[in-house]
Every structure is written in structure tokens, then in C-alpha cells.
Amino acid sequence: MIMSPFALVLGALVSSALLAFFKHSTFAKWLALFLSVCLLVGGLSIAHVSFYGVLPVLDHLSIVMVLLTVVTIPVVILSTFQTPPLSARYFYALVFLLEAALLSVFMTRHALVFYMSWEAAIIPAFLMLLGWQTPRSNGVLLKFFLYTLMGGLMMLFGFLALYYFPAGAHSFDFFEMMAYPLPHHWQVALFIPFFIAFAVKLPVFPFHGWQPDTYASASSPTVMLLGGLLSKLGIYGILRVLLPLLPYGSLVWHKGVLALAVFGLLYAASLAMVQKNFKKVLAYSSISHCCLMLIGLFSQSFQGIQGTVILMVAHTINTLGLFFVADLIESRTKTLDVSFLGGIKERFPFLAFAFFVFLLGSIAFPLTNGFVGEFLILWALFSQYPVFAVLACLGFVLGAWYMLNLFQKTMLGKATSHHTNTIALTPVAWSGYLVVIGLVLLVLAVGIFPKPLLVISESFARTLVTGVMH
Amino acid sequence: MLVLFILTGAALLAMVGEFFGLGRFLKLLIGLLLVSALLFSYSHLSVYYQMLSFSCVSSVFSSIILFFALLSFLSIPKSEPMYGSRVALLIFSIIGALLMVSYTHFVFLFLGIELLSIPLYVLVTGSQQLLVSKEAALKYFLMGSFVSAVLLFGIALVFYATGSFYLTEIGAHLATQAPSPVLIGGLLMIAASMCFKCGLFPFHFWAPDVYEGSSSSYTMYMATVVKMASFLAFFPLIFFCFGVTQSLWVTLFIGVALFSMTVGNLLAIRQHSLKRILAYSSIAHAGFMFLPLAIFDVQFPMIINYYNIAYGLSSVGLFLLIQYLEKKEHSPTFSSLKGLSTQSKWMTALGVVSLLSLAGIPLTAGFFAKFQVLSVAYVQGHVGIVVLALINTLLAAFYYFKCLIYMFTPADSEYESEPVSLGYKVLAVFLIAAIFVVGIYPIFYL
């Protein structure tokens, strides 16, 4: 019982309920950290027993996602230690609600539970945006909600069809569904709603409309959760539903998706180049990376899927790091407008160093985490579609351009403008150092020694590729 | 049968209670009588020459109606002038609703509808001397009585064609002979008047004005009990009349359902007053509820019943919230929701959960209600309808979430925050729990 996935979800729910009762913010944050570490230990042990087959409750894909979730949550909570959000207890309670919903999505085998947890994850995210958004904008909130709800409803439509249309038995179990494939024309048709559902979540072009504004106006811990975890729902959905359950549909559409993703990659990268807001640059860069992951998923090859898994983990780590740096800057300068920033390196060399490491990870510098994933994806793409691969490489050049440009404008130079002169010299607290050092170590660890991730993703990548090929 | 006697007794007591100095205990007494009616709602017999037949199914329906009637009754403020007489009228109306779920003879259908509606025409007028209330009452009365006439005419035509008022005999007639034009006309009129009571397109025009004009408790009553009773009264008609001649009606009914949801949702988006939004959203929900009926799925009674419960719980929650807001200003709009989250955590929680349920977000009751409707449409192969229904869900989410966002918007000026009484808190906790329990264990209510 204690080792069941249900216990983990229940633990998160109980933590959430518990936190709502503690008014004192210092106490709430320590309690939240403690509970999240407990869940981390629980998640690790479930992953451990599942991986070594002692008690195979999760498959390898679920193990990756669960680990990603339970590691991210303590990092996010720790990142709020220096300046806890207003009414901290409600914020932490929502974080745990989100964790419960995500764990439930990642661990279930049942399509309806999958859908319900998927939708349930929107609600805490929406409330986090609602309560802690600066500046407040109802339009942004509605846009976020309607986009994600539209995706969810598309998925509901798809699941109903997956349940009712196969000729044989009806089942909502993912593994049983694989045994009763849909007729080919239905696979081709149903690919569209499922793809939109997952593409909205990632988000990739042209379903990214909600993302830049939402990221720019949400508080940093919220963005860390949105970009670090919620966007991974899309990847997980494609790996869990789209590729295994609609193999023929994926085969038919994959060239279209690749073209869309390559275009989206370049499009988002070029938009990132002209942004004036620090967070918006990061937001568009995130879209660009998501497009790359999509390329990996639909490259119809083993390396592509493995590369996507590594890139997904890397993207979470880098997103956490970059948005944490953004948060540290914003809480000191009160602005994220690039033209008002500059010379941060003079005052906070540590901040500049941290930003530079995450930046290297983000632009896929060798020996950092981004490189392994992007290399594998490009390799997979180049062996089949050299033209797309060349175009995607162009995207990397643009990526390096805008990220280094951002570094130059914010970290180097002189602190001339009035905003930076009034930088409140609050030093970074120990918790900030802890977050940054931990994430930097992760960036290097994944970049230098990606083998564990390759091993864990091998089995499902192989099944998916053979399933798609036939 | 006992339940009807208890209710009549309660109504008489409410009427005369104030003269006998029972005014202070009236709410308690009537409440207890309603609870006892709920407990004794099970009966199994046919009376009045089998014109009224109580069965297990109708007892379940009666108890659901009584439960929601009790909630509406509890929400009527005791300070209202002529409290006793109003309660008496409400209880007579409940009796009408109970007749509507257990009739087997057209006369009792008509009687039930009239008994349900006539007290409501009075109750809509409201205690405050407001022009909107008077307008609402007049509109409701004129339209309602016209529709009653249509219903009566329809019943007369059916009688002319089949020679009977009994549903079973009409059903037997329809099963053996091809329906004559007169019979079809009669059934069409009956269907139209029932659609009016359910608030379905194209007979939905009364809903927004009447909802806005009457005070929240009675609006709550109309949105839950009246709507439920009208849908439940539809069931025997479907079994005996419309179901037998399915092919004639299916296109028309599907059109009614789809137009109701689309028109309701599209018009709701344009509104500012919360009550009008709820009125249009009730039209849209009626469209959803009507869908299983319209495609003549065999499971429709369970599905509609579940939908009724889910919709009833969430709309009671929202009307309680509106009643709370009405203490500050008449006819609350979006901007009256501002600052709610800082003023009262209880009402905010209630509002959020009710809105999520109405929007059909998973884990709340509203999700499974919608899910079942969509499933049966799928099973019957109406994929286009499912797509339209999903688009409608998205449209509805727009205005529900607009409400939600306003709840968390800071207030423009510092309001004196209205304290929430214990009764509200108890009801809020109960409703939130009920919405989640019904949503998480849907199997018990099917």
C-alpha cells in the first residue's frame, strides 16, 4: 500500500490540505519544504522499486515523469524562501494540489483518470495565476484558461472516440487500448484533436498564443511550475497516447508535424530576438525548445525519442534556473525591461555566473544538458530529412544569438540607467545559492553523464519506434 | 401519497401559523415538516382511478425534488414580509412539482403544471416594490398562462385523436396505428409547452427577465425544482408518446437541444448581471439535459437525473452567493464580485466550486453529468453533436471563468464586509462536499 502510486497522490493532497491551515508564512514554507522532500523520497522509492522490477507499478516513461515532478517541486518551494509569496499557505497548498494532479496524470493507466487529472491540473495553475499575477490582466487569465480548456476538451473527444470506435472490446486502459487499434481513417482523423490538445500544453506554434503573456505576468514560482512541469504534460501525452495508440495516424501526419515544428522553431527564435522583456525572451525560447522536442518525437527514430526525453529533462532544469535568475533580478531591480537592466555582473557576480551556466545549457553548449538532447534529435532528423535538419540548425544559431545578446545587455556593461542605480543591495540568501548550485550541478551532470537517462528511456523508445514503424 | 398530505398540512400551517403566534418557530416547524415529507416520500400505490401512480422511480424523483425544495425554502430570509403566506405558496408549488413526476393521466399533468406555476406568478412579484419584479411577474404570468392554454389544447387534440387521457392507452394507440395529423399536432403542442417550462429554445425568452426580477430564493427554486420537475414530467411522455413515434421527433428535438445550448451560451457571454448570466446558462444546461432525451437513448432517465442533481447543487451554490451579494446591492453584476475573495473565504470557496461544476471541470459533479451526455451521443453515433456540445462547453467556460476571475479581483473601494451567518457557512460546506462527492463517486446516483 505504502508503495502504491495512489499513496503518493494522496500524500500530495493531504499536504495541500494541511498547509492551508498554517497562517504563519515562515512556518508554512518550512512545512512545505519538508512535505515536498517527503514526497521526493516517496517518489524516489517508488521509482526505485519499479525500475528494478521489485514491484512494477510504473513503466519507465512514468518513472521519468514522476522523478521530474518530485524533484521540481522542492526546488520551486526552495526558490520562494527568500521572498515568500503573499498568503504563502494558499500558494503552497496550490503547489501541492498541482503536484497531486500531475503525479496522478503521470502514474495512471486509465484514460479517464488521465483526462480528469489533466484537467484538474489546470485549476491550481489557474488559481496560482489568478492570485499572484503582476500586473493583473483578466484577458491573459482568460486566454490561458480557454486555450488549455480547449485542449482538454479536444482530448476528451479523442478518448471517447478511442473508447467507442474500435471494433473489438472497449477499454479505457492504455495498455489494453493498444491491443485494439482504431481503423486507419479514424487514426488519421483523431490525430488532429489529440495533437492540438498536447500542442496547446507544450506550447508549440500555432497554439502558443497564451504562453508569452502568461509567463511574463505570472509570478516566478508559477512560471517555474508552468514551464518546468506543466509543459511536460504535452510531451508525456504524445509519448503515452499519440504515438502508441495512433501509430498509423502519427505516421501519416509526421511530415506535416515536422514542418510545423521546424517553422515554429525558427518563428519563436526570431520573435525571441526582438523581445524587450527578460521573461518574454525566455518564454519564446521555451516555445522554440518545445518545437525541437516535437521534432524529436516525430522523427520516427529511436535516437529522436531518446533525445527528446533528455531534452525534456534539460528543459525543466534550465527553465527552473533561468526563471529563478529572472526572479532574483526582478525582486532587486523591480523591472525586467532589458533596456533598463545592465551591469548586474558588477554587483552580483554569482547571479551572472548562474545565468551563464543555464544559458549555456539552453543554447546546447557541449558538456551541458541541452547538448546531448539536441544532438540526438538533430542526428535523428539529419538521417532522414536533411533539409529540416539544416533549418533547425539555423534555429540554434538564432538561439545562441538572442540568449548571448540577453546576457550582454543585462549582465555586462555599466549600470547606467536609473533603475539599476537604485538596485537594492539585498544579497542572495542561502536558499538562492542552494537552488542555483543544485541546478548547476544538474546541468553539468546531465550534460556529462546522460547514460542513466538513456538507459531508462531505451525500452519505451524502442517499443514506440517499432510500433510506429508498423 | 403521505407526502402530499404532509405538504398540504405544512402549507396550511404556514398560512395560519402567524395568526396563532407561531411566527417565530414557523421556519423551524415548516422545515421539520419538509424533512419529514422527504423521509416519507416513498410510496407505492395508484390513486384516483390510476390517474396518479406512485412508484419506486417516482419516489426517488420526488425525494430529489423535495431535497432541492428544502434548500430553496431554507434560503428564504425569515425577515421577508408575509413570510408565512409566501412559504405556503411555495409549498403548494412543491405539491404541483410532485404531481408532475407521478402522473399517468393528462389531467394530472395539467393540474401539476398549474399548481406549480400559479403560486410562482405571485412569488415572482417579490416583496420589494420594484418595477423589474412587477415586469417579470407580468411577463411570466402572461406567457405562462398562454402556454397552459396551448398545453390544454394539445391535450384536447390528443384526446380527440385517441379517445383517452391515460398515457398507457395513448401509447397503445400510437403503437398500433399510424398517428393522424391531429394527434401529431396535439403532441407538438404538448412538447412546446413542456419546452417552455424547461426553458428550452425557442421558448426561453421568459427566463432572463423572470430570473432577474424575482428574489434569489425563488430564482433558486425556479432554476432547480421547476426545471427538474419539468424534465421529469417529460419522461412518461417520452416513454408513451414521443418514443413510440421517434422518427417524427428526433430531428426536431436534437435541433431544440443544440439551439438551446448555443443560443443560451452565446447570449450569456454578452450579459453583465449575474442573474441574467445564470438564466442564460440555465437555458444552455437545459439544452445539454435535453440531449439524451432528444436522441431517445434508453439510459436517458438516469443521465438526466444525474445532470439534474449536479446542476441543482451548483446552481443552489451560486444563488446563495448571489443572495449574499444582494445584501449590498440589488441585481449584482460582475463588479459586485470584486473583492469577494478578501471579504469572505466561505462564499469564495462556494462560488469557485459551483462555477467549476457548472463549467464541467473534472472531479466536480458537473463533469460527469456532461460526460455521460457526451458518451451516449457518441454511442448513438452523433459525432457532430458531440463536437458542438464541446464547443458549447468552451463558450460556457468563458463566462464562468470571467465570474471566477472577478471574485479574485481587488475591490475598487473598501466595502464594509458583510458577515457570513452560520447558516450560509453550513450550507456552503455541505454544497461543496456534495458537489465533490457526487462528482467523485458518480456511480451511486445512477
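In the text below, chain A, chain B and the rest are named by the order of the sequence lines, each starting its count at 1.
- Within the 6.0 Å centre-distance limit, the rings of A:Trp118 and A:Phe198 are counted as a close aromatic pair.
- Cation-pi contact between B:Lys370 and B:Phe288: present, with separation from the ring centre below 6.0 Å and deviation from the ring axis of at most 45°.
- Contacts between A:Tyr90 and chain B at a heavy-atom distance below 4.5 Å involve the side chain alone, from C-beta outward.
- Atom CH2 of A:Trp253 sits in a sparse spot, with 12 or fewer heavy atoms from other residues, nucleotides or ligands closer than 6.0 Å.
- For A:Phe126, the part lying near chain B is the side chain, with the backbone staying farther off; criterion is any non-hydrogen pair under 4.5 Å.
- If you measure heavy-atom distances from B:Phe368 to chain A, the contacts under 4.5 Å come from the side chain alone.
- Taking the six-membered ring wherever Trp is involved, the centroid distance between the rings of A:Phe172 and A:Phe159 does not fall below 6.0 Å.
- Only the side chain of A:Phe145 comes within contact range of chain B, judged by heavy atoms closer than 4.5 Å.
- Options A:Leu129, A:Leu112, A:Ile122 differ in how many heavy-atom pairs under 4.5 Å they form with chain B, and the most are formed by A:Leu112.
- Aromatic ring centres of B:Phe253 and B:Phe290 lie closer together than 6.0 Å.
- With a 4.5 Å cut-off on non-hydrogen atoms, A:Leu156 touches chain B through its side chain but not through its backbone.
- The choice from A:Met150, A:Met116, A:Glu119 that makes the most heavy-atom pairs within less than 4.5 Å of chain B is A:Met116.
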